[in-house]
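In what follows, a structure is listed as structure tokens, so that the remarks can point back to it.
Because only heavy atoms are used, hydrogens play no part in the values below, and waters and symmetry mates are left out as well, while side chains stay in.
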Amino acid sequence: MEWTFSDSVRLSLLSFSEASKACAALPGFSLFRRSLQPERIEYCRAELLPDCLVGSLAVPDKTHPLHLAFSLAFYLDRGQLILAADEQTLPALQRLLFPEEPLDTSDVFHLFFSFLESLIQEDMLYLQNFEKRLATIEESLLDTLPKELQRTLITIRRELLVFHAYYQQLLDMCEIHFLPPECARQFSRLGNRVDRLYDHTQMLREYALQIREMQQAQIDLRQNDTMRILTVVSTIFFPLSLI
């Protein structure tokens with residue numbers, strides 16, 4: 001699928017196999033081709049070449065954070081943006097690119113910026129849900145069975161680790177020295193927004209660790225109470241046993 005918005009904006013949405021054939025003559029294709037294998041896309045990255053920017057995006061699934069929602073390869077030069085993904089992902093990408101309010105298509109850099117921004121549009125609310133889950137665990141710390149609490153905390157910490165790495169990779173991508181000054185400012189603003197998400201995720205990871213330490217302290221207190229009771233019982237019955 002291809003859309004031409006103006007002389008300076010052309011968007012192509014292709015499957016991996018279509019991109020391998022259609023983009024073979026593009027500068028930097030040898031590097032772009034490495035990202036056209038879905039099993040090799042494990043993280044977000046961007047590599048700058050003299051006339052283009054190529055890279056990949058691995059976006060976590062907010063419903064199941066330990067899995068990917070989708071992965072894609074991108075190719076950006078001053079006249080076009082090419083997004084390549086597997087065929088099952090293409091409809092979801094089209095919905096992201098053409099929501100009810102169309103993305104900014106004033107030039108190809110604004111289009112790419114708007115697309116990246118759409119990926120983190122509701123992420124702060126999503127992280128706040130993590131905070132609520134952790135607060136609920138903290139409140140029920142005295143009533144929850146240790147094994148249940150431990151299992152839930154491990155899951156949350158693993159999910160937060162996924163987003164922590166995801167935002168770190170997006171931060172690295174935002175440091176792009178390939179853009180016109182006006183677009184560079186937008187990407188700097190996007191980087192600041194991702195940085196706040198990264199800091200919030202780090203705070204939540206530390207919060208989860210504190211809850212884990214509180215849980216361990218509760219376990220230690222219960223063990224101390226048990227030992228105290230056993231000591232009292234032993235003290236009472238030891239003289240009888242001796243007699």
Measure the spacing between [atom1] of [X] and [atom2] of [Y] and express it to the nearest 0.5 Å.
X	Y	atom1	atom2	answer
C52	Q80	SG	CD	9.5 Å
L13	T89	CG	OG1	10.0 Å
T152	R157	OG1	CZ	13.0 Å

(request) Verify the neighbour count for atom CD of E87: are there more than 12 heavy atoms of other residues, nucleotides or ligands below 6.0 Å? (result) no

Treat each ILVMFWY residue as a node, draw an edge where side-chain heavy atoms are under 4.5 Å apart, and state whether [X] and [Y] are in one component.
X	Y	result
Y198	M203	yes
L190	L127	yes
L170	L68	no
L49	L26	yes

Got [X] and [Y] here, is their nearest side-chain heavy-atom distance under 4.5 Å?
X	Y	result
F74	V54	no
Q168	D172	yes
Y166	L197	no
R10	V108	no
L83	L14	no
L81	F109	no

Quick check: closest heavy atoms across [X] and [Y], and the distance to 0.1 Å?
X	Y	value
A46	L53	CB-CD1, 4.2 Å
A208	L134	CB-CD2, 3.9 Å
M173	S56	SD-O, 4.2 Å
S20	L36	OG-CD1, 3.6 Å

(message) As a quick check of understanding, evaluate side chain to side chain contact (heavy atoms under 4.5 Å, CB included) for L96 and L119, giving each step before the final call.
(response) CA-CA 8 Å; L96 274 174; L119 297 180; 3.7 Å; yes

(message) For E159, run the side-chain contact (heavy atoms from CB on, under 4.5 Å) check against H164, R133, H64 and tell me which one passes.
(response) R133

(request) Could you give me the CA-CA distance, side-chain angles and deciding distance for R45 and E47, then say whether side chain to side chain contact (heavy atoms under 4.5 Å, CB included) is met? (result) CA-CA 7 Å; R45 65 177 182 85; E47 298 186 58; 2.3 Å; yes

(request) Please assess F29 against Y75 for the test ring pair (Phe, Tyr, Trp, His ring centres under 6.0 Å), listing each intermediate value before the final yes or no. (result) CA-CA 9 Å; F29 176 71; Y75 180 99; 8.7 Å; no

(request) Quick one: which residue pairs count as a salt bridge (charged side-chain N to carboxylate O under 4.0 Å, His left out) with a foot in residues 191-200, not counting sequence neighbours? (result) E117-R193

(message) Check the orientation of F163 and F130. Use parallel for under 30°, tilted for 30 to 60°, and perpendicular for over 60°.
(response) perpendicular

